[in-house]
Number of protein chains: 2
Amino acid sequence: MTTREAIILKGDHLIRDKGYNAFSFYDISKSLKIKNASIHYHFATKADLGVEVVNQHIFLVEQLIKSVEGRVPEVKLKAFLSIYDSTKQEERVCLVGSLATDLKTVEPKMKKQLALLANKILVWLTQILADGKREGVFMFRETARTKALMIITNMLGALQVSRLTGSKDFFAIREAVIRQLKEK
Amino acid sequence: MTTREAIILKGDHLIRDKGYNAFSFYDISKSLKIKNASIHYHFATKADLGVEVVNQHIFLVEQLIKSVEGRVPEVKLKAFLSIYDSTKQEERVCLVGSLATDLKTVEPKMKKQLALLANKILVWLTQILADGKREGVFMFRETARTKALMIITNMLGALQVSRLTGSKDFFAIREAVIRQLKEK
DNA sequence: ATATAACTACCTACTAGTTGGTAGGCAAAT
DNA sequence: ATTTGCCTACCAACTAGTAGGTAGTTATAT
């Protein structure tokens, strides 16, 4: 892994651990054992790093989407949920949730990329649900987009709330999301 | 309103606007036209102010619970949802959501009070749902607690995600939450 | 082959501004 | 006489960001 990639990874972890405004270049420099100025060599400003962190997530989501292309909706749903599963394992929150709170303090470019990420996930899940309903494997009464929004907010919120109420609540929500789709 | 109350209110607004780590005593002093040191007279540390902001929310939720005591579950549900409606109107996010992201940077006492607030809301909504189901006005297959978690994460997440995807998504989620309870 | 120019990836050392927090004073109310 | 509620004036620590240097790599010209 290049230093540049390591900085992005660390930035990502810090944002989803502590929040964008709580981490500093010092945190990264300390952890990667390089100097503050070296981070500025790779990323002129903190906002530039922030944008690249979001772009990295966009890339990973696109990769995940491709990796399950052509598979049945159930497999795609599992892939979608795996994003939140791994985040829960790390005891972090999702990027969209973390940055949505700090949204009024981040640069326009970062906000724009974040909206792009959020929309990409929403459009993907909407399509999965619509296909699943057509094929008779998923059942729901709302529009596919609204149902997608509800599942996304369930998972995003589950990561946040379960930090306070306990991990088992995350899994209770996760299981209920799947069950609801199969037996309505 | 006393200066102390004004500081708490401003702190609350700033936390739910920008996040805990993005606001400073300077923001408050500027806005209330008092000096930094005057805020420290009322609250020894930033964490002390944070705790009081959370306590204020606990107080308001307790007041809201009392105000609909003895009413039918539908009225109580409306009261619950009104918390998020007014937050949406202010274009802010809810306190639990905002502080859950910053959780690893806040003092233990603040975390403790926040967990208390989250639990109070969860227990209240769980009871509303259980009562509503028993009386035949609400329908759902999950346990009352899981259903409550799902609705809370829907509303908390709706406030955050709709900052990126558009306000109409907040209302789509809100309406779907109500509809789901009435027709399953 | 070799000198040179340009680039990469870091470094030391610094700055201006902001942060939460403190010491001590002072006027008005109790 | 003491407490309340604010003030001025300060501070140490931390913030993102800059200036300028250096050792090693790569590309180009002679």
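Note: hydrogens, waters and symmetry copies are ignored here, and every other heavy atom, side chains too, is used. Letters A, B, ... are given to chains in the order of the sequence lines, protein chains preceding strands, and every chain is numbered from 1.
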Colleague: Who passes side chain to side chain donor-acceptor pair (under 3.5 Å) against A/Asn119, sequence neighbours left out?
Modeller: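 Checked A/Asn119 against side chain to side chain donor-acceptor pair (under 3.5 Å); zero matches.
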
Colleague: In the hydrophobic clustering that connects Ile, Leu, Val, Met, Phe, Trp and Tyr at side-chain heavy-atom distances below 4.5 Å, which members other than B/Leu60 occupy its cluster, ordered by chain and number?
Modeller: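 Under the 4.5 Å side-chain rule, B/Leu60 groups with B/Phe59.
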
Colleague: Can you tell me if the side-chain N/O atoms of A/Tyr41 get under 4.0 Å from OP1 or OP2 in C/dC10?
Modeller: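 Checking A/Tyr41 against C/dC10: no side-chain N or O falls below 4.0 Å of OP1 or OP2.
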
Colleague: Please list all pairs passing the ring-ring contact (aromatic ring centres under 6.0 Å, His included) test where one or both residues lie in residues 65-106 of chain A, with sequence neighbours left out.
Modeller: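 Non-adjacent pairs meeting ring-ring contact (aromatic ring centres under 6.0 Å, His included): A/Phe80-A/Tyr84.
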
Colleague: Could you state the NZ-C1' distance from B/Lys35 to D/dC11, rounded to the nearest angstrom?
Modeller: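 Going from NZ in B/Lys35 over to C1' in D/dC11 covers 18 Å.
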
Colleague: Base contacts versus sugar-phosphate-only contacts with protein, heavy atoms under 4.0 Å: please encode nucleotides 14-30 of chain C as B, S and - from 5' to 3'.
Modeller: -----SBBBB-------

Colleague: Measure the distance from NZ on B/Lys33 to C1' on D/dC6 and round it to the nearest whole Å.
Modeller: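 Going from NZ in B/Lys33 over to C1' in D/dC6 covers 17 Å.
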
Colleague: Rounded to the nearest angstrom, tell me the gap between atom CD1 in A/Ile39 and atom C1' in C/dC11.
Modeller: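 Taking atom C1' of C/dC11 as the reference, CD1 of A/Ile39 is at 13 Å.
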
Colleague: What is the distance from CG of B/Leu32 to C1' of D/dG5, rounded to the nearest Å?
Modeller: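 About 14 Å, once rounded to whole Å.
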
Colleague: Taking only Lys NZ, Arg NE, NH1 and NH2, and the carboxylate oxygens of Asp or Glu, determine whether B/Arg134 and B/Asp131 approach each other closer than 4.0 Å.
Modeller: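 Salt bridge flag = yes for B/Asp131 with B/Arg134.
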
Colleague: If you link I, L, V, M, F, W and Y whenever their side-chain heavy atoms are under 4.5 Å apart, who else ends up in the same group as A/Tyr41?
Modeller: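 Cluster partners of A/Tyr41: none, it stands alone.
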
Colleague: Which whole-number value in Å describes the distance from A/Ile28 CD1 to C/dA9 P?
Modeller: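 In whole Å, C/dA9 P and A/Ile28 CD1 are 17 Å from each other.
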
Colleague: Check this one for me: any side-chain N or O of B/Ser38 less than 4.0 Å away from OP1 or OP2 of D/dC7?
Modeller: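 So the side chain of B/Ser38 is within the cut-off, an N or O lying under 4.0 Å from OP1 or OP2 of D/dC7.
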
Colleague: Using the test side-chain contact (heavy atoms from CB on, under 4.5 Å), find all partners of B/Thr126 that sit at least two apart in sequence or belong to another chain.
Modeller: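 Expected list: B/Leu122, B/Ala144, B/Arg145, B/Ala148.
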
